[in-house]
Amino acid sequence: NLPINFIRRNGVLYGIRPENIFVRNLSDNDSSGWLMANLIRQEMLGAQKVLYLKLGKEDLTVSVDSNFEAEGTVLLIRFNKEKIMTFNYS
């Protein structure tokens with residue numbers, strides 16, 4: 001299992017697992033509702049590929065099918081909203 005991703009925004013800590021982040025190529029037509037993230041590197045792990053992304057200052061780890069082919073260094077991502085965990089922090 002890959003470690004959970006944590007993102008801090010406005011006094012809230014959000015957590016999301018790598019398999020609950022959707023990824024598309026920037027060349028896909030409709031990008032509304034998607035965020036742009038920079039691809040740092042990718043690693044094959046059997047039937048899955050792990051993408052290491054940068055969203056602003058945050059580092060993200062994303063798990064995708066091994067057949068996914070990244071086109072360039074900028075990808076579109078979206079979080080599965082039903083799978084986001086929230087925590088208060090100070």
Side-chain angles (χ1 to χ4, degrees):
N1 283 341
L2 295 169
I4 194 166
N5 294 288
F6 290 104
I7 300 171
R8 292 173 177 80
R9 293 282 189 271
N10 302 322
V12 178
L13 181 64
Y14 298 95
I16 188 152
R17 296 190 182 282
E19 63 271 17
N20 294 320
I21 300 174
F22 307 117
V23 179
R24 292 179 17 186
N25 283 300
L26 190 59
S27 62
D28 293 344
N29 288 334
D30 183 20
S31 63
S32 61
W34 293 76
L35 303 168
M36 282 194 246
N38 292 311
L39 176 63
I40 305 304
R41 66 184 174 97
Q42 48 189 324
E43 177 180 2
M44 289 294 297
L45 291 177
Q48 70 177 354
K49 186 181 287 186
V50 179
L51 305 178
Y52 298 91
L53 306 176
K54 191 78 143 174
L55 177 65
K57 295 180 181 180
E58 306 286 348
D59 293 317
L60 297 176
T61 304
V62 181
S63 175
V64 296
D65 187 270
S66 62
N67 295 324
F68 178 79
E69 291 295 329
E71 298 172 359
T73 59
V74 178
L75 299 173
L76 298 173
I77 64 168
R78 185 171 67 192
F79 304 113
N80 181 342
K81 293 178 183 175
E82 296 176 2
K83 301 290 184 175
I84 296 174
M85 298 168 273
T86 57
F87 310 92
N88 290 326
Y89 80 99
S90 49

Heavy atoms only: give me the nearest G33-R78 pair and the separation to one decimal.
O-CD, 3.6 Å
Sequence neighbours excluded, which residues qualify as side chain to side chain donor-acceptor pair (under 3.5 Å) partners of K83?
none
Might you point out which heavy atoms bring L2 and P18 nearest each other, and give the distance in Å?
CB-CG, 3.6 Å
What pair of heavy atoms forms the shortest contact from W34 to F22, and how long is it?
CZ3-O, 3.6 Å
Just to verify, which of D59, I16, L55, N20 counts as forming a side-chain contact (heavy atoms from CB on, under 4.5 Å) with N5?
I16
When hydrophobic residues are tied together by side-chain contacts of less than 4.5 Å, even through go-betweens, does F6 share a cluster with M85?
yes
Hits for side chain to side chain donor-acceptor pair (under 3.5 Å) against T86, two or more places apart or cross-chain, chain-then-number order -> none
Nearest atoms (heavy-atom pairs only) where I40 meets L53:
CG1-C, 4.2 Å
If you group Ile, Leu, Val, Met, Phe, Trp and Tyr whenever their side-chain heavy atoms sit less than 4.5 Å apart, what else falls in with M44?
none
Determine, using the 4.5 Å side-chain heavy-atom cutoff (strictly less than), whether I4 and I84 are members of one ILVMFWY cluster.
no
Is Y52 linked to V64 within one hydrophobic cluster, defined over Ile, Leu, Val, Met, Phe, Trp and Tyr using a side-chain heavy-atom separation of less than 4.5 Å?
no
Cluster question for you: counting only ILVMFWY and a side-chain heavy-atom cut-off of under 4.5 Å, with indirect links fine, are V23 and Y14 together?
yes
What residues form a side-chain contact (heavy atoms from CB on, under 4.5 Å) with L26, not counting sequence neighbours?
M36, V74, L76
Got a sec, which pairs hit salt bridge (charged side-chain N to carboxylate O under 4.0 Å, His left out) with one end in residues 2-25, sequence neighbours left out?
R9-E58, R24-D28
Closest non-hydrogen atoms of I77 and L60, given as atom of the first, atom of the second and distance, are CD1-CD1, 3.6 Å
Any heavy-atom pair between the side chains of F87 and V12 that's under 4.5 Å?
no
With sequence neighbours left out, what residues match Q42 under side-chain contact (heavy atoms from CB on, under 4.5 Å)?
L39, K49, L51, A70
Minimum heavy-atom distance between N25 and E71, given as atom pair plus value
OD1-N, 2.6 Å
